[in-house]
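Below is one structure, written out as structure tokens; the observations come after it.
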Protein chains: 2
Amino acid sequence: MGERRRGADLERAILDAAWSELSARGYSGLTMEAVAERAGTSRPVLARRWDGKAPLTVAAIRQEIAKYPMNVPDRGDLRTELLEFLEQASKRAIGIAAVFTLFSSEYFAEAASVPNDLRAAVVQGNGTMLPAILDRAVQRGDIAREKLVPPVDALLGTLFREYVVMNFSAPPPDLRTAWVDRIFLPLVRAS
Amino acid sequence: MGERRRGADLERAILDAAWSELSARGYSGLTMEAVAERAGTSRPVLARRWDGKAPLTVAAIRQEIAKYPMNVPDRGDLRTELLEFLEQASKRAIGIAAVFTLFSSEYFAEAASVPNDLRAAVVQGNGTMLPAILDRAVQRGDIAREKLVPPVDALLGTLFREYVVMNFSAPPPDLRTAWVDRIFLPLVRAS
DNA sequence: AAAATAAGATGCATTAATGTATCTTGACTC
DNA sequence: GAGTCAAGATACATTAATGCATCTTATTTT
């Protein structure tokens, strides 16, 4: 029986399996055993690559999130771009929610870390899309630079995260529209 | 050696111990054994009262949160009341954060439940303070009723939760002030 | 004072997961 | 085609926590 996977191939398959387990049972329900079985391999193979549940899980989440890159091109209109941004972000909602599955874990207890740190580690440079959109809008004169001050500048991200974390699912389109039209734009629009 | 605790007395002591363990090690690090030892009792005593980790933890969180009742009397001024509301809420921040410590647990996996459901179960009728404050402000004419529409009406609670969950700590006073002055009041103030 | 009840201590079997060592076999390198 | 390396399969010991049963002892009830 041929077909023996190696290196990056194998690694990808294992991370996919880990992601499936994570989605199905959550972090506490994830075992190396189950991941190995689902990936059609065995525990020693996992043990050679990752040090335990936490590193494996982080790797799996990062691979998953990387599948949905954020990219909002210039549409000439802030509102359109913000809605597009939220739509794309919603595609990775489950990945984001999974991060919080790590909450109760040793991860935070040992690392003296808080969820925000983990989030930063997972998204890496991926979190720069919103500032770019807002910058363009300022250039255009759609919004006033002086209104774009903390905590207003990060408001949409904040609302999005809260929803995802509390509901383990993506915010519905009409809620996203309400965020933009009833909250964010009224606050920043040059009046 | 006298002094044998019973009934409600004993129960309170156990829940305090469970809370301490929860704060110190997080949900995944909490064991019936450790709670029993910290409370100066033994596992069978816990087993007779709670069915396992999850129910014990919920009970401990509820007892903790009950120690900081929310009560914002009429101060005649919306801004003052909102700041007071956020200040009181901050006192229970750790309790709220602890709720999310349950994330990775069997709790959500089995109950087909999301964090919002758990939150509702824990706060019970305690979450009605903000609507009351806003109602008063509408009566006074400080804010326009028609601006108090979802998701604006719940905005302060949303911001508060997001901060607590992401940072495992209470928001600092100047951030709370910024939420009120730069975000919430501009949105609802009768213009 | 006697009886009922529940606290507190202890022991044991069970379950679940992990780490690690060993061995065979397939696949890639030179 | 030989040699090397890692995949894949097993096995075993260890650890951690739980459930349950039993027994003693303190406290409350009547």
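Convention: sequence-line order gives letters A, B, ...; per-chain numbering from 1. Because only heavy atoms are used, hydrogens play no part in the values below, and waters and symmetry mates are left out as well, while side chains stay in. Model, not experiment: these values are computed from the prediction.
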Rounded to whole angstroms, how far apart are [atom1] on [X] and [atom2] on [N]?
| X | N | atom1 | atom2 | value |
| --- | --- | --- | --- | --- |
| A:Glu11 | D:dA6 | CD | C1' | 13 Å |
| A:Asp9 | C:dA27 | CG | C1' | 13 Å |
| A:Arg49 | C:dG19 | CZ | P | 16 Å |
| B:Glu37 | D:dA17 | CD | P | 12 Å |
| B:Arg48 | C:dA7 | CZ | C1' | 7 Å |

Checklist entry - Among all residues two or more places apart in sequence or in another chain, which pass the side-chain contact (heavy atoms from CB on, under 4.5 Å) test with A:Asp153? => result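 A:Asp153 satisfies side-chain contact (heavy atoms from CB on, under 4.5 Å) with A:Leu148, A:Pro150 once adjacent residues are dropped.
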Next on the checklist: Holding to side-chain contact (heavy atoms from CB on, under 4.5 Å), I want the full list of residues that pass it with B:Ser23, two or more places apart in sequence or in another chain.
Outcome noted: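 B:Ser23: side-chain contact (heavy atoms from CB on, under 4.5 Å) contacts with B:Trp19.
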Contact list (N/O, under 3.5 angstrom) for nucleotides 16-18 of chain C vs protein:
| unit_1 | atom_1 | unit_2 | atom_2 | d |
| --- | --- | --- | --- | --- |
| C:dT18 | OP1 | A:Met32 | N | 3.4 |
| C:dT18 | OP2 | A:Met32 | N | 3.2 |

Checklist entry - Hey, does A:Thr41 reach any base, or is it just sugar-phosphate, or nothing, if we go heavy atoms under 4.0 Å? => result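 Sugar-phosphate: the residue A:Thr41, judged by heavy atoms under 4.0 Å, touches backbone atoms but no base.
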Checklist entry - Bend angle of the helix from C:dA1-D:dT30 to C:dC30-D:dG1 from five-pair axes at both ends, rounded to 10°? => result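 That helix gives 30° between its end axes.
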Next on the checklist: Using 0.5 Å steps for rounding, measure from the CG atom of B:Leu156 to the CZ atom of B:Arg161.
Outcome noted: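 Those atoms lie 10.5 Å apart.
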Next on the checklist: Enumerate the salt bridge (charged side-chain N to carboxylate O under 4.0 Å, His left out) contacts for residues 163-182 of chain A, please, sequence neighbours excluded, ordered by first and then second residue.
Outcome noted: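 Found A:Arg79-A:Asp181.
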Item to check | Sequence neighbours excluded, every pair satisfying salt bridge (charged side-chain N to carboxylate O under 4.0 Å, His left out) that has a member inside residues 32-45 of chain B | outcome: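 Every salt bridge (charged side-chain N to carboxylate O under 4.0 Å, His left out) pair that includes a residue of residues 32-45 of chain B, provided the two are not neighbours, is B:Glu21-B:Arg38, B:Glu33-B:Arg43.
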Tabulate below the donor-acceptor pairs under 3.5 Å that side-chain atoms of residues 9-17 of chain B make, not counting sequence neighbours, or state none.
| unit_1 | atom_1 | unit_2 | atom_2 | d |
| --- | --- | --- | --- | --- |
| B:Glu11 | OE1 | B:Arg49 | NH1 | 3.0 |
| B:Asp16 | OD1 | B:Gln63 | NE2 | 2.9 |
| B:Asp16 | OD1 | B:Lys67 | NZ | 3.3 |

Checklist entry - Looking at residues at least two apart in the chain, or sitting in another chain, which of them share a side-chain hydrogen bond (donor to acceptor under 3.5 Å, both in side chains) with B:Arg119? => result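 Scan of B:Arg119 (side-chain hydrogen bond (donor to acceptor under 3.5 Å, both in side chains), adjacent residues dropped) gives B:Asn116.
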Checklist entry - Of the nucleotides C:dA21, D:dG8, C:dT10, which has the atom closest to the A:Leu10 side chain? => result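 That would be D:dG8.
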Checklist entry - Looking at the side chain of B:Pro44, which of C:dA21, D:dA7, D:dA21 is the nearest nucleotide? => result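 Within the option list, the nearest is D:dA21.
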Next on the checklist: If you go through the side-chain atoms of A:Arg5, does one of them form a donor-acceptor pair with the base of D:dG8 closer than 3.5 Å?
Outcome noted: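 There is none.
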Checklist entry - Who passes salt bridge (Lys or Arg N to Asp or Glu O under 4.0 Å) against B:Asp77, sequence neighbours left out? => result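 Checked B:Asp77 against salt bridge (Lys or Arg N to Asp or Glu O under 4.0 Å); zero matches.
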Checklist entry - Between B:Leu78 and B:Leu134, is any pair of side-chain heavy atoms under 4.5 Å apart? => result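 B:Leu78 reaches B:Leu134 side chain to side chain.
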